[in-house]
Undergrad: 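Here it is: the structure, laid out below.
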Amino acid sequence: MSELAAAEHGHDHYDPEANKLGFWLFLFTELLLFGTMFIAFAMYQDMYKIEFIEGTHHQNIILGTVNTIVLLTSSLTMALAIQALRRGLKTLSIAYMAFTIVCSAGFCVIKFIEWSAKYHKGIFLLNENMDTLPKGEQVYYGLYFTMTGFHAFHVLVGALLIIWVMVAVAKGKVHAKRLSFIDNVGLFWHLVDLVWIFLFPLFYLIR
Amino acid sequence: MNPDSKNFYEVARGLTSWLFTTDHKRIGILYLICVMTFFVIAALLGITIRLELFSSNSEAGGSLLGGGEIYNRILTLHGVIMIFLFIIPAIPGVFGNFFLPIMIGAEDVSFPRINLLSWYCYIIGAALALFAILSGAIDTGWTFYVPYSAKTGANLILPLSAAYMLGWSSILTGINFIVTVHRLRAKEMKMFRMPLFVWASYATGWIQVIATPVVGITLILLLLERFLGIGIFDPTKGGDPILYQHMFWIYSHPAVYVMVLPAMGVVSEIIPTFSRKTIFGYSFIAWSTMAIAAIGSLVWAHHMFTSGMADESRILFSFLTFFVAVPSAVKIFNWLATMYKGSIHLEPPMIFGLIFVLLFSIGGFTGLMNGTLSIDIHIHDTAFVVGHFHYTMFGGVGVMFFGALLYWFPKMFGRNYNKKIIYLCGFLFFVGFNMLYGTMKWLGIQGMPRRYADYVPEYEFWNRVATVGSWVMVGGLFLMIFHLLYSVFKGSKAEDNPWEGTTLEWQTTSPPPLVNFNEPPQIPEKPYDYPEEVKS
Amino acid sequence: MIEAASDIAREVDYAIIVVGGICAVFFLGIVAFMLLCIFKFHHTKTTKTKQIHGNLFLEITWTVIPTILVFYMFWVGWQGFNKIRTVPDDHMVIEVVAQQWLWNLKYPEEDIQVVNNFHIPAGVPVKFKLTSLLDDVLHSFYIPAFRVKEDCVPGMNTYIWVNADMPKNGESETYNMFCAEFCGKDHAQMIGTVTVDSPAAYEKWVQSVKAEANKPVDMKLALDATSPEVQGRDGETLYKTYCVSCHGSTGMGQAETMVPNARDFTNLVGWKQGNKINNIYETLITGVPGTEMRGFTSLSPWDRFAVAHKVASFYKGSGRQKVSEAEAKALEEKYKLSAPYEPKKTLAIDQAMDLLLKEKK
């Protein structure tokens, strides 16, 4: 067994180029995943113009804007964390990442407030009240909960990844000479941010 | 003892040395065991379908399964298992994993642990699919069309999660291959010196990455539709069922090329080797592979010519569909030209290569008939389509899976098989195959719809011919599988290069050592470099 | 090949022969060249090879020629497709509503409705407007003899049209009609027939359907399961067409496949809308809201009574209450059963959709 482990040295060599390329391909699949939903959104928005505008009127723009700012800030701090580590400033990097995680938690809390407000108005999946709405609005809310839900899920996953990186940085497994992991998590976090940049105007601002 | 003299089987033994291996060759073998198992299961289900169709009328006691309920489940399982658990992972999972790194002179893939993870995704998907069978199975057809799939009483969550996990497996393999090709080629191995099988795996990787996420999200949306009523596909809530079909086929048509490109890659290896001749038009085959990957991503809606989609879209997609035929034709002509003025050895892999060329041509030509708008209005959703895709998928990919197995068998296991038995199997397979699927095409032109558990008596004769054909075909196949299984353990010792191949895998020992090469391989100037005077 | 019963069908056959012919020529070429190579360059015959790496001229040739040919094939298909999709102006309309697992066909001009088996006049363009019930699934309306097919999509309108040839015997000829889109358990049973009639035979058929639908009902005879009027109807066959796929041939439902199970007719307890003959009759019109049970409006009144009696016959005991005179009277008046028939005013589906849209705006 040990002979095997010793001989299987394939995963021992560190190739940042390969890691970057592989992760970009993965990001590409994520982009397609959300892209598919955006196409569905575009199609239904064209089909039910009036109902979709009616739907946006029920959104809370202030909360949406706050959330956008929170998420953009977190993207910035994530980038700063990587820069800090690149210069070897381990503690600063961890601090930036901690702030990023606080932001992501803030985002989730605000999202929860929005969803629960809708829930109390009877606008929620599986709620009988939904069946009384015009067809297009039902689709609007269906898309809203699906797409923001998917996005929130990605925020959670992203936050967990950042925690993981933080631990790795603290343990010294990720450092200025071995940046692939933190680089890739950063890229993932920017993607999450990017998706929100599209979700926000589509669901809140187009009226 | 010098570890270099051990092959990759011998360096470690025991179950855990397999289950936690990150060696690409061992992962390939793991895939081989799994896809073979599922192939046998799904083939038996297919035989059951044919038995049900032996007689026309279920009420007159001619029914084996007692009507549509069970029949639909068996049909769905046959499709789901064959597509998601056999055809998609078969050649990339087994031969891609095993040979892609060797053929470019690498020690392993770029992400060996992710490679193992991809196999585990496959196993989880397969386990879910098996649970689905045990818990009563689904009856929606492998396409899961809404609204039926959102309404049916059958348990949908297991098979959809299975397909989702298998999608992950596919994506991870794809990413791994792309990165490996870019990062781990041996120094002199330029892109245009790579064997064509590597090119094919590379193109396949791209399609896997581009297309699979779309079906992933589609299946998730379908689950959300079913359990949370999001309404995106539900006409009573304003959703559009045809959107589902678009989203499904945006993946599932390119997936057809995920299946067939590796098979074409294997043919491009086999034909030069057994003609002892360099491949004709290397760069044209390489580029046509990429062209198929690109154009193939733009033709999905030709599955929907009668779906009620706008007429303009149908015309556009028919037009685009015909484009895909051209690079496929270019490949076939190049393979034929490769044989010209060679010195041809009709060894078993070559026989399967030629069977591929014949059957895949028929599949391609009938594909042109499907692509012709007016004809497709008639033959869409009939047995013709079933015949067509079995010619391309089974006659193409399935045949080449076995062709690849026969070709690389000595290298993978270090053993030989009995060629005479394989010739007999190939003959039975070829005859039975055409009896079965050729007949289906004829039935389709006669108007017999697909997925029918019963049919009007006019169609009975040809259905009986098809059923008898299925016995001949499966008889040949199972004989071959059993013989190969026997040969793994009892076959005579194989040489390092029994076929006089020129690609790198033939420069190492059979089976290869753990690090693939005991001495650094010689990278030839051209991948298929034969002298003008060859051995007889 | 199967009989082609319209100009379009012959056009499609022509396309099959053209495209198939080109393919066959190429295929034979491939086989011939392959055999030639195998025999001429077999290793027992020659060990000398010529290492040819490629030939640009050949590559261009065999790229360009197939490209031209596939364009031609596309063009052939497109031309045929245009004919399939272009309906002449002077057409008659049949509205097809598919449901699991039968076809409702409504003739708005003749004001008749039939199920599964229907007639069309020869020589007249007939446009089929297709849809499925809104909460139903996909189906596909397919008549092989006319080589046409189109999906029936819930909440959407699609169409096909045919112009059938005059029957060879001068009177009528019957062809198969199938559901071609997978729709569940009885997909293979969702078949019917289309009979092409000469104008005279068609008129005769329309009149017979009308007479059947309009036959006034004598309540006394209708409520009596043993009356010749009820016995004369084939309740058994009607039950098979409309009911058996959910309620089963034993009348006990399909517990193993349906969740929740359909009503068990052998049991008198828990009938949501009552278990008397008049209740069953009404349920056959209205369906049971909130369940899978649908109304079957295309049944004629007498046939509907025959089905109701068939349904009732599954219960072998004597607990079922008789229909009181008052109830019989109420039913008669509600559905005007004994009155001379008055054609219902129905709108074609797309007209109705237009009206709805206007209202919405």
Side-chain angles (χ1 to χ4, degrees), chain B residues 68-69 72 141 145 147-148 151 153 235-236 241-242 276-278 280-281 284 306-308 311 315 318-319 322 325-326 329-330 332-333 336 339-345 354 361-362 365 368-369 372-375 377-378 380-381 445-447 449 451-456 530 532-534 536, chain C residues 1-2 12 15-16 19-20 23 27 30 33-34 37-38 41-43 46-54 59 62-63 66-67 70 73-74 76-78 80-81 84-85 134-135 137-138 140 144 147-151 153-156 158 176 178 180-188 257 259:
Chain B
E69 188 62 36
N72 294 344
Y145 269 16
Y148 185 69
K151 278 169 66 87
T236 59
I242 294 183
R276 303 288 189 268
K277 216 190 122 210
T278 188
F280 190 95
F284 284 89
T306 69
S307 68
D311 289 353
I315 294 165
S318 168
F319 183 74
F322 278 109
V326 177
V330 167
I332 286 184
F333 296 141
L336 290 174
M339 292 167 70
Y340 183 73
K341 292 208 169 159
S343 173
I344 295 169
H345 294 246
L354 296 180
S361 301
I362 299 177
F365 286 134
L368 290 174
M369 296 173 81
T372 310
L373 271 171
S374 60
I375 304 178
I377 299 285
H378 171 42
H380 180 70
D381 268 333
I445 294 212
Q446 303 295 302
R451 294 173 170 174
Y452 262 32
D454 307 318
Y455 48 88
V456 291
Y530 284 97
E532 303 258 311
E533 176 72 40
V534 294
S536 175
Chain C
M1 230 179 278
I2 45 159
V12 171
I16 292 178
V19 176
C23 293
F27 181 68
I30 289 172
F33 190 83
M34 192 186 271
C37 288
I38 289 173
F41 306 115
H42 194 262
H43 70 101
T46 172
T47 55
K48 286 211 186 335
T49 62
K50 193 158 178 359
Q51 299 299 327
I52 316 163
H53 290 287
E59 298 285 355
W62 64 46
T63 308
T67 309
V70 295
M73 293 179 196
F74 163 71
V76 169
W78 187 13
F81 181 70
I84 291 172
R85 300 303 294 169
L134 192 58
D135 57 346
V137 302
L138 298 176
S140 192
R147 315 280 191 271
V148 286
K149 170 190 301 122
E150 185 83 10
D151 284 8
V153 185
M156 203 174 132
T158 52
N176 288 317
F178 299 123
E181 183 63 67
F182 181 70
C183 60
K185 181 166 77 76
D186 285 347
H187 172 50
T257 57
V259 185

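Residue numbering restarts at 1 for every chain, and letters A, B, ... go by the order of the sequence lines.
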Undergrad: Can you check whether B/N72 reaches C/F182 side chain to side chain, under 4.5 Å on heavy atoms?
TA: yes
Undergrad: Quick one: pull up CD1 in C/I30 and CD1 in B/I332 and give me the separation to the nearest 0.5 Å.
TA: 5.0 Å
Undergrad: When you compare the side chain of C/H43 with that of B/R276, does any pair of heavy atoms fall below 4.5 Å?
TA: no
Undergrad: Name the option with the most non-hydrogen atom pairs under 4.5 Å to chain C; the candidates are B/G141, B/S343, B/A329, B/P147.
TA: B/S343
Undergrad: At what distance, to the nearest 0.5 angstrom, does CZ of B/F322 lie from OG1 of C/T67?
TA: 12.5 Å
Undergrad: Shorter than 4.5 Å, heavy atoms on both sides: which option in C/C23, C/A180, C/A15 has the most such pairs with chain B?
TA: C/C23
Undergrad: What residue, out of C/C183, C/G20, C/S140, C/G54, has the most heavy-atom pairs lying under 4.5 Å from chain B?
TA: C/G54
Undergrad: Which atom pair, heavy atoms only, marks the closest approach of B/E69 to C/K185?
TA: OE1-CD, 3.1 Å
Undergrad: Can you name the ring-ring contact (aromatic ring centres under 6.0 Å, His included) partners of C/F74, sequence neighbours left out?
TA: B/F319, C/W78
Undergrad: Just by modelled atom types, is the B/I377 backbone N or O under 3.5 Å from a matching donor or acceptor in the C/E150 side chain?
TA: no
Undergrad: Counting only heavy atoms closer than 4.5 Å, note whether C/T158 contacts chain B via side chain, backbone, both or neither.
TA: side chain
Undergrad: Considering non-hydrogen atoms only, spot the tightest contact between C/H187 and B/Y452 and give its length.
TA: NE2-CE1, 3.2 Å
Undergrad: Could you check B/K341 against C/T46 for side chain to side chain contact (heavy atoms under 4.5 Å, CB included), going step by step and ending with a plain yes or no?
TA: CA-CA 9 Å; B/K341 292 208 169 159; C/T46 172; over 6 Å; no
Undergrad: Checking heavy atoms, do the side chain of C/L134, its backbone, both or neither come under 4.5 Å from chain B?
TA: both
Undergrad: For B/I242, which atoms come within 4.5 Å of any heavy atom of chain C: side chain, backbone, both, or neither?
TA: side chain
Undergrad: Under 3.5 Å, side chain of B/E532 to main-chain N/O of C/Q51, donor-acceptor pair present?
TA: yes
Undergrad: Can you find a heavy atom in the side chain of B/S318 that is under 4.5 Å from one in the side chain of C/F81?
TA: no
Undergrad: Of all of C/L138, C/V153, C/D135, which one pairs up most often with chain B through heavy atoms under 4.5 Å apart?
TA: C/L138
Undergrad: Identify which of B/S361, B/S307, B/A325 forms the greatest number of heavy-atom pairs closer than 4.5 Å to chain C.
TA: B/S307
Undergrad: Would you mind checking which part of C/F33 comes under 4.5 Å of any heavy atom in chain B, side chain (CB onward), backbone (N, CA, C, O), both or neither?
TA: side chain
Undergrad: Do you know which of C/R85, C/E59, C/E181 has the most heavy-atom pairs with chain B at a distance under 4.5 angstrom?
TA: C/E59
Undergrad: Check whether B/F280 gets within reach of chain C through its side chain, its backbone, both or neither, counting any heavy atom under 4.5 Å.
TA: both
Undergrad: For a 4.5 angstrom cut-off between non-hydrogen side-chain atoms, does C/I38 reach B/M339?
TA: yes
Undergrad: Sort C/M156 into side chain, backbone, both or neither according to what part of it lies under 4.5 angstrom from a heavy atom of chain B.
TA: side chain
Undergrad: Quick check: does any side chain N or O of B/T306 sit under 3.5 Å from a backbone N or O of C/D151, one acting as donor and the other as acceptor?
TA: no
Undergrad: Determine the minimum heavy-atom distance between C/V12 and B/I375, stating which atoms define it.
TA: CG1-CA, 4.1 Å
Undergrad: Using non-hydrogen atoms only, which part of B/Y148 is less than 4.5 Å away from chain C: side chain, backbone, both, or neither?
TA: both
Undergrad: Where does B/V456 contact chain C at under 4.5 Å (heavy atoms): side chain, backbone, both or neither?
TA: side chain
Undergrad: Sequence neighbours left out, what passes side chain to side chain donor-acceptor pair (under 3.5 Å) with B/T236? Give chain and number order.
TA: B/D234
Undergrad: Name the option with the most non-hydrogen atom pairs under 4.5 Å to chain B; the candidates are C/V137, C/D186, C/V148.
TA: C/V137
Undergrad: Under a 4.5 Å cut-off applied to non-hydrogen side-chain atoms, are C/C37 and B/L336 in contact?
TA: no
